[in-house]
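The structure appears right after this line, and notes come after that.
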Amino acid sequence: MRFLLVDPPHKIWTILRAWVPSPGCLQLLGYLEREGFDIDYMDCTLNENPWRDLEEKVRTEKPEVIGISVICTAFIYDGMNAANLIKAVSPQSVIIMGGEHPSFMAEETLRDCPAIDYICVGEGEVTLKEFLRAVERKEDLSKVLGLAYLNERGEFVYTGDRPFIEDLDTLPMPAYHLAKMEHPYVEIPSEGRRGLVVNFSRGCTWDCTFCSESAFYKRTWRRRSPKLIADELQLLKEKYNRDIFYVGDNTFNITREQGIGFIEEMTKRKTNQHFWLQSRADLVIRDEDLLDGFREAGVYQFMMGLEYHADSVLKDIRKRQTVEQARKAMELLKKHKLMVMATLLIGHWKETEEDRKAFLRFFRKYVDHFGLNLITPLPGTPLFYQMKEQGRIEDLDYRDFDYLHAIMPTREADNLEQVNLIYKDIMRRYYWRPRELLKLFSPNPILRHHHRYYITKVAFNIMMHEIFGKPMWVQSNYQEYKDYLVERGEGLHETLKALAR
Ligand code: B12
Ligand code: SF4
């Protein structure tokens with residue numbers, strides 16, 4: 001039985017301009033391959049004609065089961081469009097969708113898009129394996145944990161929680177050999193041509209109200225052991241020439257042992273690779289004695305979710321961290337010659353212009369890489385339910401749930417356009433300062449490269465767009481699904497057009 005895993009066509013994020021094979025998809029594929037399944041993978045964003053190539057492949061190969069991966073809310077309509085197209089050209093293929101958003105919003109997704117037959121709720125490996133076996137043997141799917149579907153009467157069925165895999169070390173290496181690792185889009189332009197995103201752990205033990213990751217993994221954390229992490233990184237260096245990584249783990253060093261093990265392995269292997277890790281201020285402080293070791297092991301930057309400069313807001317979003325800790329962590333990183341990336345959240349209900357001035361004053365003193373976001377009530381998070389109850393969610397177009405679009409007004413800015421302008425204004429005030437522009441000539445090559453990329457490519461493009469109406473950057477092979485349907489013409493397209501999102 002043939003299984004095709006599809007990462008649907010997406011518009012690449014204008015800010016990052018990076019595309020990488022999804023670590024979750026590669027992990028699923030590696031697992032299924034080891035279990036002996038006949039698998040195939042299509043990362044459509046990288047295809048010359050993303051929608052056409054997807055349609056052609058499904059039409060000619062008609063795989064029995066097709067999986068669609070939707071890793072974030074902003075991608076859900078791409079996933080639904082792919083499901084509709086697939087169902088139209090191969091009605092006999094069974095479609096299963098997985099990922100965070102469909103897991104949290106399973107019933108809504110199934111009702112909005114009847115082309116999707118099943119949703120895998122939660123972690124995918126074991127559920128998908130059991131699902132494929134059950135489909136192959138025509139067994140009762142209601143016995144497979146972690147599945148959601150609509151039964152013959154149209155009632156929503158959830159088969160129950162799938163327990164998490166206890167030990168991530170039991171998973172095989174992600175299937176890099178099935179990814180288009182040589183494709184020119186597979187890079188992280190802000191970090192370098194040989195950049196890649198990797199992922200070695202799942203979840204987080206904190207419970208910030210806006211965080212979908214901690215909600216998805218129910219406030220648990222599991223990790224691969226440092227030896228296997230180092231094996232993967234070494235493979236990526238030797239076989240794929242990758243040497244700079246955004247490590248997607250939400251909180252890399254939840255335990256000190258993980259950090260110590262990583263430092264020992266990477267120092268021993270001398271692969272000369274560079275890492276951007278994510279952590280929390282309190283953990284950076286706790287591990288101060290390890291910071292030199294991290295740097296010597298190749299870490300060049302810590303990204304911390306510092307969010308805001310006021311303890312009252314940090315308390316509201318349940319950050320369980322203080323402004324003083326944020327300051328101390330940033331100072332320590334500087335002291336140990338590590339770059340500081342802060343992810344920050346603005347657009348809080350009670351926020352005022354005075355707050356934003358103080359916010360900028362506080363963060364611009366230390367931050368090398370300014371990760372400004374608008375607070376977003378991602379489906380599945382406590383914030384989503386809180387805001388829904390209070391009727392504050394004004395934009396329900398999931399495409400906008402990418403932290404760059406205002407979804408909720410604030411007490412002061414009562415329409416979303418105003419909130420969007422506030423965001424742009426802070427970005428402008430942050431980047432167009434002499435001190436920031438000087439970083440274009442920084443002696444630190446990573447910082448210099450990063451700023452040249454952001455200022456000369458991203459910020460310049462945005463400025464030209466806003467002043468002269470020049471188009472915003474988009475990948476050259478990008479095609480809106482609706483445009484594809486028009487181009488495609490003939491019989492099916494009217495039905496599909498009516499369903500298109
Ligand atoms: C890699 C990555 C990317 C890549 C995307 C690569 C790709 N091909 O999709 C890049 C760098 C491009 C990216 C961009 C963005 N990302 Co991103 N990204 C990640 C990251 C770091 C890793 C995802 C991953 O592989 N995780 C590991 C695996 C194990 O988890 P998983 O993907 O959930 O997969 C498991 C299950 O969901 C399930 N599953 C998944 N698919 C399928 C399919 C089937 C058929 C089945 C059965 C099961 C199944 O099984 C998998 C294995 O158990 C996560 C953070 C994280 N730690 O997860 C953020 C994350 C997914 N990104 C996020 C966001 C918001 C974005 C952006 C929208 C904006 C931003 N600020 O980054 C942009 C997208 C805009 C755009 N147009 O490009 C959020 C999503 C939040 C949400 N709920 O919407 C996350 C969680 C980060 C965060 N905490 O904020 N991202
Ligand atoms: S610390 Fe980070 S990963 Fe953990 S719950 Fe908070 S936002 Fe999510």
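Just follow the structure's listing: the first ligand is 1, and inside any ligand the first atom is 1.
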Part of [X] with heavy atoms under 4.0 Å of ligand 1, whether side chain, backbone, both or neither:
| X | result |
| --- | --- |
| Y31 | neither |
| F75 | side chain |
| F216 | side chain |

- Quick look: T205 vs ligand 2, heavy-atom contacts under 4.0 Å, and the answer is neither
- Item | Residue selection (non-hydrogen contact nearest atom 45 (C) of ligand 1) among P23, S22, G67 |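 Checking each option, the heavy atom nearest atom 45 (C) of ligand 1 is found in G67.
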Between [Y] and [X], is the closest basic N to carboxylate O distance under 4.0 Å?
| X | Y | answer |
| --- | --- | --- |
| D282 | R320 | no |
| E123 | R222 | yes |
| K180 | D43 | no |
| D311 | K315 | no |
| D169 | R224 | no |
| R133 | E136 | no |
| D78 | R399 | no |

- Is it true that K319 lies under 4.0 Å from ligand 2, counting heavy atoms only?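 Yes; K319 lies near enough to ligand 2 that a heavy-atom distance drops under 4.0 Å.
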- Message: When you measure from the centre of the six-membered ring of W221, is the NZ or CZ of R202 closer than 6.0 Å and no more than 45° off the axis?
- Response: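 Here R202 fails the 6.0 Å and 45° test against W221.
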So which protein heavy atom does [atom] come closest to, and at what separation?
| atom | answer |
| --- | --- |
| atom 6 (Fe) of ligand 2 | C208 SG, 2.3 Å |
| atom 8 (Fe) of ligand 2 | C211 SG, 2.3 Å |
| atom 88 (C) of ligand 1 | Y403 OH, 4.0 Å |

- Any donor-acceptor N or O pair under 3.5 Å, side chains Y484, E55: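 A pair is found: one side chain offers a donor N or O, the other an acceptor, under 3.5 Å apart.
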- Task: Would you mind listing every ring pair (Phe, Tyr, Trp, His ring centres under 6.0 Å) that reaches into residues 180-206, with sequence neighbours excluded?
- Result: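 Applying ring pair (Phe, Tyr, Trp, His ring centres under 6.0 Å) to every pair that reaches into residues 180-206, excluding sequence neighbours, yields H183-Y185.
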Do any nitrogen or oxygen atoms of [X] lie less than 3.5 angstrom from nitrogen or oxygen atoms of ligand 1?
| X | result |
| --- | --- |
| D43 | no |
| G124 | yes |
| G248 | yes |
| D7 | yes |
| G24 | yes |

- Should you measure from each heavy atom of A18, which atoms of ligand 1 turn up under 4.0 Å away? 12 (C)
- Message: At less than 4.0 angstrom from any non-hydrogen atom of S212, what atoms of ligand 1 do you find?
- Response: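 Counting atoms of ligand 1 from 1, those under 4.0 Å from S212 are 81 (C), 82 (C), 83 (N).
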- Query: Are there protein heavy-atom neighbours of atom 67 (C) of ligand 1 below 4.0 Å?
  - Reply: no
- Message: What's the separation between atom CG in L54 and atom CG in N81, rounded to the nearest 0.5 Å?
- Response: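 Atom-to-atom, L54:CG and N81:CG are 10.5 Å apart.
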